[in-house]
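Remarks on the structure that follows.
Just so it is clear, the structure is predicted and the values come from calculations on it, not from any experiment.
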Amino acid sequence: MELMLNMMVPFIIAVVALYGMLHRVDVYDALVCGAGDGLGVLIRIVPPLIGLLTAVYMLRASGALELAAGLLGPILERLGIPAETIALLLVRPVSGSAALGVGADLIQTYGPDSLVGRTAAVMLGSTETTFYTIAVYFGAAGIVKTRYAVPAALCADLAGFIGASWAVRVLFYG
């Protein structure tokens, strides 16, 4: 079984190359052109990505993240969201890797079968790294004015956080 899984990628590459050759496509030239286009996209994506990651690290290092968590705690408790997950709510729209780290810390601290651990896991799966996604896709498309995209995406994230918290309470503790 493992050998079959290891051979999937070479098999798919061979099938695509044969398909291209059968249709008289210069497969190597198409590969080189696609790689060149990919580098162009990478050049447009990297600067916003570096700025975004820098902002995340600055927020974590300055303590602003903990301050915001302390201020938002009572409001989110009324929405049914555990106060312990506030750091995850603040980090998730900005950085997926930072959110994964926060989620792993929550699961390690409270346990995978706890309300906090389960809620953190479901939140990670039901929300998006909004600012990262907007920076990457809008940056690649050359869109400067995001208009209503950011507020709409943040509303969707809030709905995902609330829905995740409620779903965990209903399915596991209801």
Side-chain angles (χ1 to χ4, degrees), residues 34-35 37-174:
D37 291 345
L39 285 175
V41 170
L42 181 68
I43 289 170
R44 288 191 309 267
I45 289 174
V46 168
L49 185 60
I50 290 172
L52 180 64
L53 292 176
T54 302
V56 169
Y57 292 126
M58 287 174 61
L59 282 172
R60 290 178 74 183
S62 71
L65 201 56
E66 289 79 20
L67 177 65
L71 294 173
L72 293 175
I75 296 168
L76 295 175
E77 279 291 331
R78 286 189 168 179
L79 294 173
I81 298 173
E84 297 84 0
T85 62
I86 292 174
L88 179 62
L89 273 72
L90 296 174
V91 170
R92 180 65 175 162
V94 179
S95 170
S97 58
L100 191 57
V102 170
D105 286 343
L106 289 171
I107 291 170
Q108 185 176 14
T109 302
Y110 297 98
D113 292 331
S114 67
L115 173 67
V116 173
R118 287 178 173 160
T119 302
V122 176
M123 283 178 175
L124 284 169
S126 49
T127 56
E128 181 60 70
T129 53
T130 301
F131 292 109
Y132 169 81
T133 304
I134 288 174
V136 169
Y137 291 113
F138 282 28
I143 298 171
V144 178
K145 296 181 181 178
T146 60
R147 197 167 171 137
Y148 301 114
V150 173
L154 290 175
C155 286
D157 280 337
L158 181 60
F161 290 131
I162 294 170
S165 183
W166 289 355
V168 168
R169 288 181 191 271
V170 168
L171 293 174
F172 293 102
Y173 303 98

Rounding to 0.5 Å, atoms OG (S126) and CZ (F161) come to a distance of 7.5 Å
OH-OG1 distance between Y173 and T119, expressed to the nearest 0.5 angstrom:
7.0 Å
Heavy atoms only: give me the nearest [X]-[Y] pair and the separation to one decimal.
{"X": "Y110", "Y": "V116", "result": "CD1-CG1, 3.6 Å"}
{"X": "A121", "Y": "I107", "result": "CB-CD1, 4.4 Å"}
{"X": "S114", "Y": "G117", "result": "OG-N, 3.0 Å"}

Show me the donor-acceptor pairs within less than 3.5 Å that the side chains of residues 78-94 make with the rest of the protein, sequence neighbours left out.
{"unit_1": "T85", "atom_1": "OG1", "unit_2": "P82", "atom_2": "O", "d": "2.7"}
{"unit_1": "R92", "atom_1": "NE", "unit_2": "T127", "atom_2": "OG1", "d": "3.1"}
{"unit_1": "R92", "atom_1": "NH2", "unit_2": "L124", "atom_2": "O", "d": "2.9"}
{"unit_1": "R92", "atom_1": "NH2", "unit_2": "T127", "atom_2": "O", "d": "2.8"}

Tell me, please, which residues at least two apart from A167 pass side-chain contact (heavy atoms from CB on, under 4.5 Å).
none
May I have all residue pairs that pass salt bridge (Lys or Arg N to Asp or Glu O under 4.0 Å) and include part of residues 93-116, sequence neighbours excluded?
D113-R118
Per-pair distances, 0.1 Å, donor-acceptor, side chain in residues 142-159, under 3.5 Å, sequence neighbours excluded:
{"unit_1": "D157", "atom_1": "OD1", "unit_2": "E128", "atom_2": "N", "d": "3.2"}
{"unit_1": "D157", "atom_1": "OD2", "unit_2": "T130", "atom_2": "OG1", "d": "2.2"}

